[in-house]
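Worksheet: the structure to be examined is printed underneath.
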Amino acid sequence: MITTDFVPGSPCWLDLGAPDVEAATAFYRAVFGWQAEPHGGRDTGGYTLFRLDGKAVGAVGPLTEDGARSAWTVYFHTPDANATVQAVERAGGTVRVAPVVAGAGDGRFAQLTDPQGAEFALWEPASYPGIEAADGTGSLVWTELYTTDPAAAQTFYTSVFGWSTQDMPLPGGGGTYTLLTPAGCGEERMHGGLMGVPADLLGPGGKPYWHPVFGSRDCDATVGLATGNGGALSMGPETAEGVGRLAVCTDPSGAEFVVLTPEGTL
């Protein structure tokens, strides 16, 4: 469960880097019913908040790094961005953007890459804690890492965040899925998972990546909205025992996300 009472290492924010912010905004408004609000009253086309029933659920902004492709970035909560960046470097990760103040003192963020190449970010809050809605329809319910070396990824993230991990076999001999929980928390605060994926199945360059999972009352209907508005379907919809009905989608610029109707709400 992802909650909004953030603890160190828990997902607390997410944003989308897009080549066309207005087009991306239109897509996600159509698919999830999100409202869009230019951050800080700036012009449209810049950093834009997504809201659901008035509560922030994420954001979208222009691509800012050379060679970057459109993708969602997951931010993890830290009380001390400098210390966590140092932990990332000790564990073999790299710093793409060192800790910097965001907005008018909202907090500080840093952009990082794990040793296998998956990008993620940190958020040290000041006046802005993070997302205001989670674990429901149209909001973040899970985070997932596809990586070429799951054992090394476990070592890295447990070193940096202290996450506890729990391995479970995938059906049909499909490998192992590792469940992730913030340090010192019980299973009810489990926030994501990681799994090994061959490089040739990871898209351009075979680069590992994180993607968000968004809740839906009706996975199939949400997929229909995604494909009907220029997105594409990569997998599913299919029903996973003990999980629910899910599908892997991409938006019109190729950013991947998962739609999930949790078991028990079908």
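All values derive from a computational prediction rather than experimental measurement.
Between the side chain of T261 and the backbone N or O of C219, at least one donor-acceptor pair lies under 3.5 Å. A donor-acceptor pair is defined here as one N or O able to donate and one able to accept, closer than 3.5 Å; such a pair exists between the side chain of E124 and the backbone of A81. In this structure, the side chain of W34 engages the main chain of G138 through a donor-acceptor pair within 3.5 Å. The backbone N or O of G9 lies less than 3.5 Å from a partner atom in the side chain of W163, making a donor-acceptor pair. Between the side chain of T84 and the backbone N or O of D80, at least one donor-acceptor pair lies under 3.5 Å. A donor-acceptor contact shorter than 3.5 Å is absent between the side chain of S159 and the backbone of A87. Using modelled atom types, no side-chain atom of E37 and backbone atom of L49 make a donor-acceptor pair closer than 3.5 Å.
Annotation: the span from S164 atom OG to Q154 atom CD amounts to 10.5 Å, rounded to 0.5 Å. Going from atom CG of L52 over to atom CD1 of I131 covers 11.5 Å, rounded to the nearest 0.5 Å. Remark: E238 CD to D220 CG distance equals 11.0 Å, nearest 0.5 Å. Atom CD of residue Q116 and atom CG of residue L202 lie 11.5 Å apart, to the nearest 0.5 angstrom. To the nearest 0.5 Å, the span separating NE2 on H77 from NE2 on H191 amounts to 13.0 Å.
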Item to check | Verdict with reasoning, V57 to L140, per side-chain contact (heavy atoms from CB on, under 4.5 Å) | outcome: CA-CA 7 Å; V57 292; L140 185 68; over 6 Å; no
Item to check | Test side-chain contact (heavy atoms from CB on, under 4.5 Å) applied to M235 and L246, step by step | outcome: CA-CA 9 Å; M235 186 194 79; L246 57 86; 3.5 Å; yes
Item to check | Derivation and outcome, side chain to side chain donor-acceptor pair (under 3.5 Å), residues Q111 and T73 | outcome: CA-CA 9 Å; Q111 301 275 359; T73 298; 4.7 Å; no
Next on the checklist: Checking I2 against S10 for the side-chain contact (heavy atoms from CB on, under 4.5 Å) test, could you report, in this order, the C-alpha distance in whole Å, the side-chain angles of both residues, the deciding distance, and whether it holds?
Outcome noted: CA-CA 8 Å; I2 293 178; S10 66; over 6 Å; no
Next on the checklist: Please evaluate residues K55 and E132 with respect to the criterion salt bridge (Lys or Arg N to Asp or Glu O under 4.0 Å), reporting the C-alpha separation (whole Å), side-chain torsions for both, the decisive distance (0.1 Å), and the verdict.
Outcome noted: CA-CA 5 Å; K55 296 182 177 180; E132 298 167 337; over 6 Å; no
Next on the checklist: Quick one, T137 with F32, criterion side-chain contact (heavy atoms from CB on, under 4.5 Å). Give me CA distance, side-chain angles, the key distance, then yes/no.
Outcome noted: CA-CA 8 Å; T137 297; F32 293 113; over 6 Å; no
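Looking at S234 and E256, their side chains never bring a donor and an acceptor atom within 3.5 Å of each other. Side-chain polar atoms of T113 and R96 form a donor-acceptor pair below 3.5 angstrom. Side-chain contact, S253 with S70: no donor N or O sits under 3.5 Å from an acceptor N or O.
Closest approach of A36 and T48 over heavy atoms only: CB-CG2, 3.9 Å. Nearest heavy-atom pair across L16 and A255 is CD1-CB, 3.5 Å. Nearest heavy-atom pair across G206 and T148 is O-CG2, 4.1 Å. Between F156 and G93, the shortest heavy-atom contact is CE1-N, 3.7 Å. Summarising the geometry of W210 relative to L180, their closest heavy-atom pair is CH2-CD1, 4.0 Å, with the distance given to 0.1 Å. Taking each heavy atom of V248 and L233 in turn, the nearest pair found is O-CD1, 3.5 Å.
A distance below 6.0 Å separates the ring centres of F120 and Y157. Annotation: F109 is not in aromatic contact with W13 [ring centroid separation under 6.0 Å not met]. The six-membered or imidazole ring of Y28 lies near that of F257, with a centre-to-centre distance under 6.0 Å.
Counting heavy atoms from C-beta outward, Q166 and T181 have side chains that stay 4.5 Å or more apart. Looking only at side-chain heavy atoms (C-beta outward), D15 and V60 stay at 4.5 Å or farther from each other. Looking only at side-chain heavy atoms (C-beta outward), L179 and E187 stay at 4.5 Å or farther from each other. The shortest side-chain heavy-atom distance between P129 and C12 does not fall under the 4.5 Å cut-off. Side-chain contact between V141 and P262 is absent, with no heavy atoms from C-beta onward closer than 4.5 Å. Residues D135 and T3 are not in side-chain contact: their nearest non-hydrogen atoms beyond the backbone lie 4.5 Å or more apart. The shortest side-chain heavy-atom distance between C185 and V7 falls under the 4.5 Å cut-off. Side-chain contact between S127 and D106 is present, with at least one heavy-atom pair separated by less than 4.5 Å.
Criterion: ILVMFWY side-chain heavy atoms under 4.5 Å apart, direct or through other members. Under it, F161 and L112 are part of a common hydrophobic cluster. Cluster annotation: L14 and V97 are assigned to the same hydrophobic cluster (Ile/Leu/Val/Met/Phe/Trp/Tyr, side-chain heavy-atom contacts under 4.5 Å, transitive). Linking ILVMFWY side-chain heavy atoms closer than 4.5 Å, directly or via other members, places W72 and V258 in two distinct hydrophobic clusters. Taking hydrophobic clusters as Ile, Leu, Val, Met, Phe, Trp and Tyr residues chained together by side-chain heavy-atom distances below 4.5 Å, Y47 shares a cluster with Y128. Criterion: ILVMFWY side-chain heavy atoms under 4.5 Å apart, direct or through other members. Under it, M168 and L194 are not part of a common hydrophobic cluster.
Ring-plane geometry between W142 and Y177 is classed as parallel, the angle between the planes falling under 30 degrees on a 0 to 90 degree scale with a further cut at 60.
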